[in-house]
Amino acid sequence: CGIVTYGTGEESDWRVDNFSTRGLESNFNVYHAHRFYGNFTLPMPGMYNALNATSVIALMDHLGFSKDVISEGLASFQGVKRRQQVRGEISGITVIDDFAHHPTAVSATVSALKSSWPDRRLVVVFEPRTNSSRRSIFQDAYALAFNPADMILVREHVPLDSIPVDQQFSSKKLVNDLAAAGKTALYFSETTEILDFLGDQAVSGDVVAILSNGGFENIHERLLERLTQNRIQ
């Protein structure tokens with residue numbers, strides 16, 4: 001079968017260029033066979049989302065859809081639940097829910113959010129929840145995944161009973177490694193401690209991104225309720 005490539009390099013059959021982002025909206029040009037194909041808008045940030053969209057553009061073009069139909073479809077795309085999903089904004093504090101479940105996804109998500117709001121403080125709340133993230137295999141990789149964030153809050157992970165302690169992820173070590181690299185990072189043993197901290201320390205303009213593939217004890221809604229109460233008071 002035929003093979004079609006896409007990316008940012010000149011050798012790609014479909015190439016992304018002139019990528020820019022504003023808030024949660026991305027804009028980019030697409031070139032096909034070295035010729036300008038069109039300009040597209042996507043209501044989600046991050047180059048990786050633009051690349052995903054470009055693969056869709058290539059497929060839809062192959063299936064015979066017009067450029068205008070493809071453009072309209074991408075511009076109206078509402079995203080996927082728990083992927084950079086805005087859960088609410090209270091007193092200028094934006095709360096975002098994201099499923100980021102391994103170091104590469106965390107890095108891409110955090111970078112995308114920071115590029116969307118470069119002038120706002122990005123506070124990342126991380127709960128290691130997947131089986132892989134609770135193992136030490138990604139310990140060092142996670143220490144590099146949060147670089148764009150201005151503050152990182154890490155919750156203690158739920159231990160994996162099936163593996164030895166020395167093979168499990170350490171939230172405390174992650175915080176220590178981030179601090180050693182000059183990042184503002186804090187460790188929390190319980191979700192309520194994180195809520196108390198954010199209730200006192202979050203200020204207007206903050207973007208609070210909560211990263212977990214679990215329910216995280218409903219931290220998103222509880223935080224929004226706390227911020228609402230603070231505003232009323």
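Predicted model only: the values in this text are computed from it and were never measured.
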Hey, does [Y] have a side-chain heavy atom less than 4.5 Å from the side chain of [X]?
X    : Y    : answer
I194 : F216 : yes
V123 : L198 : yes
S171 : E156 : yes
D196 : R226 : yes
I96  : V208 : no
L153 : F188 : yes
Y142 : L178 : no
D97  : L211 : no

Separation of [Y] [atom2] from [X] [atom1] (nearest 0.5 Å):
X    : Y    : atom1 : atom2 : value
F40  : S71  : CZ    : OG    : 5.5 Å
T109 : F146 : OG1   : CZ    : 10.0 Å
R35  : R15  : CZ    : CZ    : 14.0 Å
I210 : I219 : CD1   : CD1   : 4.5 Å
L51  : T8   : CG    : OG1   : 6.5 Å
E89  : T94  : CD    : OG1   : 3.5 Å

Check this for me: does any side-chain nitrogen of one of [X] and [Y] sit under 4.0 Å from a carboxylate oxygen of the other?
X    : Y    : value
R121 : D206 : yes
E193 : R155 : no
D150 : K183 : no

Shared hydrophobic cluster, [X] / [Y] (ILVMFWY, side-chain heavy atoms < 4.5 Å):
X    : Y    : answer
L59  : Y48  : no
L63  : I70  : yes
L144 : I152 : no

Would you sort out whether V4 and H62 count as a side chain to side chain contact (heavy atoms under 4.5 Å, CB included), showing the intermediate values?
CA-CA 10 Å; V4 177; H62 175 74; over 6 Å; no
Looking only at heavy atoms, which two atoms of [X] and [Y] are closest? And how far apart?
X    : Y    : value
V124 : A149 : CG2-CB, 3.6 Å
A53  : L42  : CB-CD2, 4.1 Å
S116 : T21  : OG-OG1, 3.6 Å
L113 : A209 : CD1-CB, 3.6 Å
I90  : L224 : CG1-CD2, 3.8 Å
R87  : E221 : NH2-OE2, 3.3 Å

So, Y31 versus Y37, ring centres under 6.0 angstrom or not?
no
[X] (side chain) donor-acceptor with [Y] (main chain) under 3.5 angstrom:
X    : Y    : value
S111 : A108 : no
S12  : G9   : yes
K114 : R120 : yes
S26  : M44  : yes

For N27 and S20, does a side-chain donor sit closer than 3.5 Å to a side-chain acceptor?
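Judged by distance alone, the side chains do not pair up.
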Answer yes if the side chains of N29 and D17 hold a donor-acceptor pair under 3.5 Å, and no otherwise.
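Absent: no donor and acceptor within the cut-off.
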Carefully, step by step, assess F36 and V30 under the rule side chain to side chain contact (heavy atoms under 4.5 Å, CB included).
CA-CA 6 Å; F36 178 72; V30 171; over 6 Å; no
